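Accompanying notes for the structure given below.
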Amino acid sequence: MSTFLSWLGGLVLRFVSYFGALAVLTGELTYSLFRSRIRWAEVGRQLVSIGFGSQIQVIVTGAATGAVFAAQVYYKFNQLGLDSLVGGIVALAMCRELGPVLTALMLAGRIGATMAAEIGTMKVTEQVDALRSLGVHPVDYLVAPRFLAMLFSVPLLIGESIRFGIGAARLMAVGVYNVPEAFYNDQLYKNVDHIDVIFGMTKGLAYGYIIVIMACHQGLTVRQGAVGVGRGTTAAVFYTSMAILIANFFLSLLLNYIWPIAAT
Amino acid sequence: MSTAGPPFISVRNLHKQIGDQQILRGINLTIREGENLVIIGGSGTGKSVFLKLVMGLIPATSGSIIVDNTEITTLNERQLGPHRRKIGMLFQDGALFDSLTVAENVAFPLRESGMKDSPDMHSRIHEVLAAVGLADHGHKLPAALSGGMRKRAALARAVVSRPRCIFYDEPTAGLDPIVSDSIDRLIRRTQLHYRCTSVVVTHDMRSVRSVADRVVYFREGLIHFEGSPDQLFSSTDPLVRQFVEGHCDEDE
Ligand SMILES: Nc1ncnc2c1ncn2[C@@H]1O[C@H](COP(=O)(O)OP(=O)(O)OP(=O)(O)O)[C@@H](O)[C@H]1O
Ligand SMILES: [Mg+2]
């Protein structure tokens with residue numbers, strides 16, 4: 001019993017200190033963004049890596065999700081004679097849940113791993129110390145540009161993923177299952193409006209923050225050479241994915257309160 | 001040929017412990033402005049750790065480090081920035097930014113100090129790269145260089161912004177004798193030309209002769225010997241002799 005308690009205590013302590021460290025990093029990041037010089041060249045490089053680098057992933061994620069979801073919804077709704085509703089349902093789900101969450105999970109895998117590995121490697125090869133020796137704060141140079149690039153690109157990537165999801169759903173419903181296009185469109189516009197897209201994009205901002213802060217934190221705290229970099233990278237992907245799923249639950253509740261689903 | 005002025009770095013009773021290992025056990029050392037100090041000592045005796053402590057890259061366990069009249073052991077990471085910019089540092093393993101080309105690495109300290117891209121800046125970069133024999137390699141990424149070339153590129157980055165003081169952690173390790181000699185000359189020239197203070201960690205006794213105004217010998221976390229190169233090479237202390245002559249005493 002006492003070993004269990006000490007194990008539990010240790011876990012709670014680790015949890016608290018981890019969030020403490022993330023809070024400190026967030027504080028440093030805030031300082032960097034408002035009080036330090038922004039390295040726009042770095043922001044640009046990160047934008048290319050995050051924005052252009054994620055295109056295939058985002059398009060495939062959005063389109064594949066939209067297409068299969070449309071197919072499943074169609075089978076059921078067809079039985080109920082609600083064929084034309086497929087577009088509206090798929091679009092709603094894409095905007096509010098599937099687009100932001102799946103895109104963010106894909107980004108956590110790709111961008112989170114890249115950030116943790118890059119910064120972790122810089123840490124173990126003393127490049128972070130070299131930065132510091134040149135009077136540059138690592139958060140200013142490494143974290144702030146990544147955060148800004150993420151802030152600019154994530155909402156757009158999510159918007160893109162939603163767009164491809166809705167497009168693929170239309171292709172399935174109208175093209176493959178012959179749902180009449182006029183009815184389909186009518187239901188789509190009745191059920192979804194720009195608020196739903198903003199809903200998804202807002203979530204994206206939160207996930208962008210989670211990915212950057214957690215992945216950069218893993219990178220900056222790497223120890224012990226290549227093994228440490230590997231461990232940090234794995235941890236970054238695992239923690240960010242978990243955090244995104246948990247945050248999504250609370251964000252969905254909160255945002256649904258602010259922007260409820262429109263009544264039809 | 002010492003042109004030493006007032007103290008630039010003053011270290012008092014400096015201790016550093018990592019884990020349960022006592023690395024430095026009370027270092028007292030004053031480094032004067034314009035002076036060329038050479039640190040020698042066995043592998044793992046804390047020479048690199050000493051440089052990092054003075055740079056403020058790692059925290060001291062106890063003791064005082066005064067650089068340019070500022071106590072740095074009490075400063076936080078943001079406050080340390082301006083302090084560190086007074087000192088250029090060549091890391092033992094180079095620590096070049098591997099996502100930037102050699103020329104961009106050398107340009108980095110200049111850009112960070114607020115210099116704009118200009119013909120002036122490019123000529124300065126070219127000049128420094130030429131001085132370390134890398135004039136034709138500026139466009140390469142660090143991964144495409146040999147170990148010795150990387151070291152020289154890192155040297156160029158450390159000196160390009162003409163800091164008031166430069167730390168060289170084994171600048172000639174892994175270089176052939178001719179290049180080593182040219183690096184020693186470069187260190188000397190930099191010091192005389194810009195009147196900067198230099199601290200050189202080296203295992204190369206030839207460098208000690210050609211570079212040092214003063215030598216300190218680190219042993220077991222303390223300064224075991226301190227004096228001019230002549231005093232070092234004529235010392236009768238058995239431990240110093242052994243180190244300088246490179247004898248391995250199996251019976252120790
Ligand atoms: N980050 C660290 N973590 C744990 N121990 C360290 C760390 N850095 C250095 N040490 C220890 O401190 C001691 C001194 O290391 P340091 O790098 O200063 O040696 P050095 O005198 O520069 O040796 P060399 O001539 O081989 O470069 C070593 O025993 C090393 O194990
Ligand atoms: Mg060393």
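Numbers restart at 1 for each chain; the letters A, B, ... are given by sequence-line order, proteins then strands. Just so we're clear, the structure is a prediction, and the values are computed from it rather than from any experiment.
Highest contact tally toward chain B, considering only A:M122, A:E118, A:R39, is held by A:R39 [criterion: heavy-atom pairs under 4.5 Å]. Top candidate by heavy-atom pairs under 4.5 Å with chain B, chosen from A:S36, A:P138, A:A130, is A:A130. Ranked by non-hydrogen atom pairs under 4.5 Å with chain A, the options B:D93, B:I87, B:L96 are led by B:L96.
Close approach to chain A, defined as a heavy atom under 4.5 Å from one of its heavy atoms, is seen in B:R78, B:G81, B:R84, B:R85 of residues 78-85 of chain B, taken by number. Proximity to chain A among residues 105-119 of chain B is limited to B:F108, B:P109, B:R111, B:E112, judged by heavy-atom separations below 4.5 angstrom. At a heavy-atom separation below 4.5 angstrom, chain A is approached by B:R157 within residues 152-172 of chain B. Proximity to chain A at a heavy-atom threshold of 4.5 Å picks out nothing from residues 60-76 of chain B.
At a threshold of 4.5 Å between non-hydrogen side-chain atoms, the residues B:F97 and A:T125 do not count as touching. Annotation: side chain of B:K52 is not in contact with side chain of A:S133 (no heavy-atom distance under 4.5 Å).
Annotation for A:F238: atom CZ does not count as buried by contact number, only 12 or fewer foreign heavy atoms lying within 6.0 Å. Within a 6.0 Å sphere centred on CZ of B:F218, heavy atoms belonging to other residues, nucleotides or ligands number more than 12. Environment of CZ in A:R37: crowded, with over 12 heavy atoms of neighbouring residues, nucleotides or ligands closer than 6.0 Å. Environment of CG in A:L5: crowded, with over 12 heavy atoms of neighbouring residues, nucleotides or ligands closer than 6.0 Å.
Summarising the geometry of B:G56 relative to A:R132, their closest heavy-atom pair is O-NH2, 3.9 Å, with the distance given to 0.1 Å. The minimum heavy-atom distance between A:D129 and B:L57, with the atom names listed, is O-CD2, 3.7 Å.
Neither the backbone nor the side chain of B:L51 has a heavy atom closer than 4.5 Å to any heavy atom of chain A.
Not one N or O on the side chain of B:E77 forms a donor-acceptor pair closer than 3.5 Å with the backbone of A:H137.
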